[in-house]
Student: 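First the structure, then my questions, so here it is.
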Amino acid sequence: MGWLGSLVVIILTSIVGIVWYFVHLIAQGFTVQYKDEQDFVSDQLRGLLGVDDIQPTSYRPTVEPQYLSGIVDLIETSISGLWLAQFLYMVLLLFLFFLVVDIWFIEYPFSFIFNAIIGATIVMLFAYYVTATNSKSLTRALIQSQFSKEESFGYMYQCGFAIVSLLFSLLFGMYVLMYYFNVAVWGGDMKKDEYEKVSILMIGFLMGMILGGFIYREGISMMCRSMKTASFGLIRADLNLSVGNNNISQLTRLAYMVSQQAGNAVVNFLDTGFVLVFLCCAVSQIVINSPEVLDSKNRSAFALGPIYLVCIGYLGSIVCYFLKTMCADQETGSFAALNVRWQVIIAALISFIIHVSFPFSFLIDKFTLKGDNTKDIDFEGKSNMHACWCYLLGLIFNVLHISLFEWYTSHGCPNVRNMGLATSDRILPMNLIYSNYLGDLFSAIPTILMFLLISIVYSIEGFAGLLFAASGYISLFIIYGVIFFIGCNSSDSYKLTCFAHFISDVQGKIFQIYWEAKNYMVFLKATNAGAAFLVSIGIIGAQLYQYPTALTSLFVKNEGFLGLFIGFSIMFVCRGINIWGIINVAKSYFIFQPSNEAEGKLNYLKDIRIIEFTKFKYTHSMLYVAYNILFVTIMILMFGSILGHAGSVAIMIGACIATFLIQYTGLIKGTTLENSRVYNEIQDNRKDHHYLMYVSGDTYACATEESNACPLIPYLIYVFCLLISCQKHFAKAEK
């Protein structure tokens with residue numbers, strides 16, 4: 001299959017993904033505007049609640065279907081109501097970036113900002129559709145659970161598959177369009193200088209995605225995590241915010257539901273999108289250094305190679321879709337776990353078979369990397385086979401990694417259970433101390449495996465091999481994204497059943513899915529972290545080839561040492577600002593109000609306080625996001641201009657290593673804390689009385705672990721995009 005065949009596969013797969021998403025919406029009735037959405041949901045849920053006839057003025061109105069549908073409606077409304085503020089923040093951020101950075105530091109300011117605007121718009125559209133789909137899927141998953149676990153699990157799978165289809169179709173489809181647009185308008189004869197300009201403009205597209213992500217991902221992320229942290233500080237002897245706890249107000253419960261529903265899916269799916277486009281941009285950076293690729297007719301197919309591989313993987317994942325509930329035994333206690341594991345096994349086998357059967361046709365026979373001050377790498381006649389091996393190694397190591405992460409963090413692991421039981425026995429410092437110990441200890445083996453993978457693929461095909469390995473490492477993101485959505489949806493649905501007192505049969509089915517799927521949400525996070533690290537190393541290699549800087553010189557010059565220190569420090573300061581913001585926003589919450597009869601009435605939900613409350617907290621959260629953006633931008637521009645290209649590459653290396661260490665440690669520590677809390681809740685409810693679960697230090701531990709794992713990928717990519725797009729300015733300053 002030549003370059004035209006690869007392009008046809010990409011276009012057709014992107015169309016299939018978008019059509020799949022909207023067909024799912026139509027089939028589920030999401031696009032139908034009912035005269036009264038609350039009445040519709042109320043009618044659907046009436047038979048699932050534990051009490052049939054409850055007066056609206058009752059102290060416990062959460063068993064009233066109208067009340068429940070009102071909760072779900074407010075969850076969607078409160079987040080959707082942020083769209084104007086988010087849009088204005090995005091426009092302001094793009095405008096400030098253009099004035100402060102684009103005009104002064106980037107060689108092609110107007111074409112760069114044009115690509116950035118397109119990237120930010122794509123993120124805005126995706127965030128909107130995910131929020132709408134995720135909100136309405138809550139109640140519909142509950143409705144399906146009245147039939148069987150299989151029906152509910154299958155429905156969650158359908159929603160997750162539709163959202164992931166939309167993600168890669170929007171991002172990759174627009175990336176391909178912008179690539180050919182930039183080639184047609186600014187590519188010229190597509191010599192090295194022209195292609196370098198095109199690659200910088202595609203970095204501009206990614207930069208726009210990151211800037212949009214700061215608004216639609218970071219703002220929501222910090223707001224939701226601060227809500228979660230504040231809520232945990234108020235939970236005492238209460239299972240998932242049920243009505244029985246008089247210390248927790250209705251506003252608190254609604255805020256908690258909002259934080260869970262809005263934060264998880266948008267944050268982690270956008271991280272996956274950032275990493276995928278980051279990979280595509282990295283390939284364009286490598287291509288600049290290969291004269292054979294630039295002179296080949298297969299040039300564009302080579303540059304779009306990662307997209308082609310993902311598209312082939314998506315077509316294979318459709319087989320997994322039709323086998324989503326292959327383990328359908330209703331009596332099986334590990335129903336969800338068995339299906340999840342089989343999904344990963346089948347997806348990995350399909351990916352292996354497809355990419356062995358269909359050679360990497362987008363490559364060329366001779367692929368040489370030439371650098372001004374580096375050793376040439378020549379893989380004449382072997383690039384196809386080498387690339388395939390690198391891809392398969394990335395796939396294999398990814399499966400090993402996620403298996404380790406799942407075992408180290410699941411509530412089935414003895415260490416996690418011990419931490420949960422220690423906390424329930426009121427050994428309060430043990431939660432934080434033990435989680436730090438597990439994070440440091442268990443991150444060692446995945447780290448060693450990652451460096452082993454890097455060593456192997458580098459020996460096979462140099463820095464280009466790292467990008468092929470990254471393609472294989474993230475190739476199962478579609479299945480991981482579906483599994484992550486099932487974990488999010490079942491978790492939120494279960495909390496809603498406790499909040500609204502569903503009948504035990506429905507609640508039990510949702511809980512069994514939630515109890516098992518919770519362990520596997522780490523798959524997507526671990527894959528995002530590992531793939532981002534591999535792509536980062538590949539881009540660093542491309543920079544070493546493109547500019548006269550040898551890798552060894554970075555460790556013997558002052559610029560290199562200082563750059564490593566600056567890059568390392570930037571990531572830790574970003575993490576610190578994020579933690580500081582979460583704690584400060586959580587402290588300022590005015591949600592600790594005793595419940596009373598008036599607040600429990602149905603009319604309470606007509607109060608607009610929760611919507612105004614959400615808007616205020618989002619604005620408050622964006623203040624700390626602005627601190628982070630301002631800090632990173634000033635540091636990169638200042639030290640990039642002072643240290644030049646050698647220092648810039650050193651900054652990349654320092655930031656890459658720091659992020660990798662923080663992500664792996666934080667993922668294990670954070671997920672362990674979360675899953676031990678789940679285990680602790682269940683164990684506490686088997687005792688005669690409840691124990692205190694989250695207070696003081698444990699609340700801060702929760703904020704810390706969330707901040708360790710969540711926010712650093714967009715900041716890492718932002719650092720790389722800023723350094724690459726301003727590289728010529730830094731090189732001139734150095735001279």
Side-chain angles (χ1 to χ4, degrees), residues 20-32 34 37 40-50 65 68-69 72 132-165 240 261 265 317-344 346-347 478-479 481-521:
W20 191 293
Y21 173 78
F22 284 102
V23 167
H24 169 76
L25 291 189
I26 295 171
Q28 300 301 325
F30 285 3
T31 57
V32 177
Y34 296 96
E37 176 71 9
F40 169 75
V41 176
S42 174
D43 292 339
Q44 296 294 313
L45 295 174
R46 187 172 299 277
L48 304 182
L49 298 172
L68 176 61
S69 58
V72 177
T133 307
N134 204 22
S135 299
K136 291 185 180 296
S137 65
L138 260 182
T139 51
R140 285 165 173 79
L142 292 174
I143 293 169
Q144 294 297 322
S145 66
Q146 65 182 309
F147 303 108
S148 65
K149 286 187 296 183
E150 183 180 353
E151 291 290 335
S152 184
F153 181 90
Y155 175 78
M156 296 177 192
Y157 192 105
Q158 293 171 24
C159 288
F161 197 90
I163 290 176
V164 178
S165 298
N240 293 305
Q261 184 64 15
S317 68
I318 294 177
V319 177
C320 297
Y321 176 85
F322 291 107
L323 298 174
K324 55 182 175 290
T325 53
M326 60 181 300
C327 299
D329 185 3
Q330 295 301 308
E331 302 302 324
T332 302
S334 55
F335 164 78
L338 287 174
N339 280 291
V340 165
R341 290 168 184 169
W342 274 111
Q343 284 287 308
V344 174
I346 294 173
I478 295 171
I479 299 302
V482 173
I483 294 170
F484 184 86
F485 182 85
I486 293 172
C488 289
N489 197 285
S490 60
S491 173
D492 298 337
S493 298
Y494 176 63
K495 290 179 175 65
L496 196 59
T497 63
C498 296
F499 187 22
H501 297 279
F502 273 62
I503 58 178
S504 59
D505 181 57
V506 171
Q507 188 179 88
K509 292 174 183 176
I510 292 294
F511 171 75
Q512 288 181 5
I513 297 175
Y514 156 62
W515 173 255
E516 296 163 12
K518 185 74 174 176
N519 291 333
Y520 303 102
M521 294 173 67

Student: Can you measure from CG (Asn339) to CD (Glu516) and round to the nearest 0.5 angstrom?
Tutor: 9.5 Å
Student: Using side-chain heavy atoms (C-beta onward) and a distance below 4.5 Å, is Trp20 in contact with Ile318?
Tutor: yes
Student: Could you tell me whether the side chain of Cys320 reaches within less than 4.5 Å of the side chain of Tyr157, counting heavy atoms only?
Tutor: yes
Student: Any heavy-atom pair between the side chains of Ile510 and Met156 that's under 4.5 Å?
Tutor: yes
Student: Report the distance from atom CZ of Arg341 to atom CD1 of Ile346, rounding to the nearest 0.5 Å.
Tutor: 14.0 Å
Student: Rounded to the nearest 0.5 Å, what separation is found between the CD1 atom of Ile483 and the SG atom of Cys488?
Tutor: 12.0 Å
Student: To the closest 0.5 Å, what do you measure between OH (Tyr155) and NE2 (His24)?
Tutor: 5.0 Å
Student: Tell me, do Trp342 and Leu323 make a side-chain contact under 4.5 Å, heavy atoms counted?
Tutor: no
Student: Return the set of residues passing side chain to side chain contact (heavy atoms under 4.5 Å, CB included) with Ser317 (not counting sequence neighbours), or none when no residue passes.
Tutor: Phe161, Tyr314, Ile478, Ile479
Student: Going by the rule ring pair (Phe, Tyr, Trp, His ring centres under 6.0 Å), which residues pair with Phe153 if we only count those two or more places apart in sequence or in a different chain?
Tutor: Phe335
Student: Less than 4.5 Å apart, side chain to side chain, heavy atoms only: is that true for Tyr520 and Phe484?
Tutor: no
Student: Please check if the side chain of Ser490 supplies one atom and the backbone of Gly487 the other of a donor-acceptor pair under 3.5 Å.
Tutor: yes
